[in-house]
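Just so it is clear, the values below take in all heavy atoms, side chains as well, and ignore hydrogens, waters and symmetry mates.
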Amino acid sequence: MTTNVGGVPDQPQSEHETDQVSQNQKKEQGAKRKRMKERSEVWEHFDKEDLPSGMQAICKYCGMSYKCGAKKNGTSVLWAHISRCRKYPFNTPKDSKQSLLSFKSAKEPSGGTSGLTYHKFDAGSIRKALSFMVIVDELPFKFVEGIGFRHFCGVIEPRFNVPSRITVAKDCFETYLTEKRKLKNVLKRCNSRVSLTTDTWTSIQQINYMCLTVHFIDNNWKLHKRILNFCPISSHKGDDIGKEIEKCLLDWGLENVMCITVDNASSNDTAIGYMRRKINGWKTGVLKGRFLHMRCVAHIVNLVVSDGLKTVNESVQRVRHAVRFIKQSPARLQRFKKCVLDEKINTKKGLCLDVPTRWNSTYLMLNAAIELQDAFERYSGEDPHYVVDLNERDGKGSPDSDDWNNVRRLSEFLQAFYDLTLHVSGSLYVSLNLFFHELVSVVVLMKDLVSSDDVDMCLMACRMKEKYEKYWGDPEKINLLIFIAVVLDPRYKLDYVEWMITEIYDPIVASKLVDNVKVALNALYEEYRVSSGNDVNREEVSSSKDGKTPLSPKHKKIEVLKSKYKKHKCERDGDAKLELDKYLEEDTAEDIDEFDILSWWKFNCSRSGEQQDPQ
């Protein structure tokens, strides 16, 4: 007996009533389970059919049937079928031959063309591709947690679980370690020396950074450029820079350094001196580090031109003020564009204003303004405030025909330096042998302007020539690799270099510089010739590292005897010529724009009977 809330005792239930309640509860639970089965998402993939053998669940994709009418037939069997159904479009075939077919994109990083290929779901490959995208496109790690990106991944591949930003950061770091190991192996197998470029700067957060880049030619005579390190440094002092470079080289296992290119900061002189001592201590320097310090050509050109532009004439200032006046207002700029259309000027160049710290911006400003000269003249007639404002601002007024002629001559002069900077700044092709030709043309141009009747251009050329001689006028300070690289260009060789030096330098300086180039060339060749005497030992060590069978003692002795015989023959034949002399006396190659110097040396380095390394 029970008691209700009001205190009145309930009447006891009979056994029949209790059994009836229990049966009703079981019916309700069965109906509930039946409804849950019918509401299960698995029924989106099956159709029900009432067959003579009973209720059947028919797969919509492959037609497989399963019993589903009895109480013992749950949905587990149906889910198991969907997970392995071969015709379900979102299943990954276990057999690679049954993989899904898809078309490759025509714009692939590898440079491949579009074509039919197979595809199957691989979460690991997708995560690698995701880390590649974050690295190449320089995306923040939190990008993968964005709602839009996750929705996109859910639509394109529902089975892929998008990782968190922490996981993506780890994947990117793992990619870095993998690529670093690959590059280490490439540098280890490379027979050539490497050249380095480095620069330092301070960020907005007042943190000092240094970037170190390696340039090398692989065993297949292909030029490569790779960033070895990008790291914070304690200061811009020369010793700190040198120690950081040394630490990076030791980490990468690099010792055979040919030269290090830096800008003209005094701290870099100290850093190069520090590295010269270390490399000489490693016994891997070339002529005791004589050519180790290479001053950045583009940086010196920037200093030369910037010093000359300090004497900019009034014509440049008038053009600059005219450009500034138009760009100060969107309405003025729109009206100027209409003037360009009315004058039928067919150019894609637009107005740009220069900045004081970049001389090339001054060239680009003048170059664009010259092509739009007719539009400026038309604009002066349509906007009455144009002439009035320029006259009131500084009293110099708008540019006239004489001003346009002056800036046109200046633009043509600056174009030579602009082209030089572009040519020597390339990183996908050999540029050292190209600089000398650009240098000659610029020096000849400066000499012509020094003796010209244009006072402004003459004054500017004199200042630039003075700054030029500070860096490239002293035969004892200039890095002779600039000239030796042209000697090793089969289109020009030594005679061309000698003749050009006498054209751009004074006779005394030219004679001294030619002698220095010859002495350095012979010393460099002699050092490489002596070091090649150990080729047999190097090849044996290299073959051991590469997993090849090293030379047996018998064959090793034979190779040593062959080397001694070649040396004996050279000493016996008094008229025997060195390979360098043979190369210099041969006819020059045809001078064409498509000439590839690395390909030429690749196919001609073995003419002496021995395969040479691309050092």
Worksheet item: When you look at W601 and Y583, which way does the ring-ring contact (aromatic ring centres under 6.0 Å, His included) test go after all the steps?
Response: CA-CA 12 Å; W601 278 104; Y583 164 76; 5.4 Å; yes
Applying side chain to side chain contact (heavy atoms under 4.5 Å, CB included) to V186 and F216, what does each step give before you reach the verdict?
CA-CA 10 Å; V186 171; F216 65 96; 4.0 Å; yes
Please evaluate residues L249 and E255 with respect to the criterion side chain to side chain contact (heavy atoms under 4.5 Å, CB included), reporting the C-alpha separation (whole Å), side-chain torsions for both, the decisive distance (0.1 Å), and the verdict. CA-CA 7 Å; L249 293 181; E255 295 180 348; over 6 Å; no
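The backbone N or O of L366 lies less than 3.5 Å from no partner atom in the side chain of S411, so there is not a single donor-acceptor pair. Between the side chain of T421 and the backbone N or O of F417, at least one donor-acceptor pair lies under 3.5 Å. The main-chain N or O of W600 is found under 3.5 Å from a side-chain atom of N604 such that the two form a donor-acceptor pair. N479 places a side-chain N or O within 3.5 Å of a backbone atom of H293 that can act as its donor or acceptor partner. Looking only at distances, no side-chain donor or acceptor of N433 sits under 3.5 Å from a matching main-chain atom of L488. No donor-acceptor distance shorter than 3.5 angstrom exists from the side chain of D307 to the backbone of L303, with no hydrogens or angles considered. Panel note: side chain E438, backbone D419; no donor-acceptor pair is recorded below 3.5 Å. D239 contributes no side-chain N or O that, together with a main-chain N or O of T270, makes up a donor-acceptor pair within less than 3.5 Å. Judged purely by atom type and a 3.5 angstrom limit, N522 uses its side chain to pair as donor or acceptor with the backbone of K518. At distances below 3.5 Å, not a single donor-acceptor pair connects side-chain atoms of T200 with backbone N or O atoms of H236.
Taking the side chain as every heavy atom from C-beta outward, L410 and M460 approach each other to under 4.5 Å. Between P490 and I597, the closest side-chain pair of non-hydrogen atoms falls below 4.5 Å.
Remark: K493 NZ is packed, more than 12 non-hydrogen atoms of other residues, nucleotides or ligands lying under 6.0 Å away. In the displayed structure, E466 atom CD is contacted under 6.0 Å by at most 12 heavy atoms of other residues, nucleotides or ligands. Atom NZ of K184 has more than 12 neighbouring heavy atoms from other residues, nucleotides or ligands inside a 6.0 Å radius. The number of heavy-atom neighbours closer than 6.0 Å to NZ of K180, taken from other residues, nucleotides and ligands shown, is above 12. Heavy-atom contacts from other residues, nucleotides or ligands closer than 6.0 Å to CG of D137 number more than 12. The environment of OH in Y418 is sparse: at most 12 heavy-atom neighbours from other residues, nucleotides or ligands sit within 6.0 Å. Counting heavy-atom neighbours within 6.0 Å of N185 CG, excluding the residue itself, gives a total above 12. Counted within 6.0 Å of CD1 on I227, heavy atoms from surrounding residues, nucleotides or ligands total 12 or fewer; the atom is thus considered open.
Centroid-to-centroid, the aromatic rings of Y471 and H299 stay 6.0 Å apart or farther. When ring centroids are compared, W499 and F436 stay outside the 6.0 Å threshold. In summary, the aromatic rings of W359 and F413 are positioned with their centroids too far apart to meet the 6.0 Å limit.
Between E579 and R529 there is no salt bridge, since none of the side-chain N atoms of the basic residue sits less than 4.0 Å from a carboxylate O of the acidic one. A salt bridge links K465 and E469; the closest N-O separation between the charged side-chain nitrogens and carboxylate oxygens is under 4.0 Å. A salt bridge is defined here as a Lys NZ or Arg NE, NH1 or NH2 lying under 4.0 Å from an Asp or Glu carboxylate O, and D489 with R491 meets this definition. Using a cutoff of 4.0 Å between basic side-chain nitrogens and carboxylate oxygens, E179 and K182 are scored as salt-bridged.
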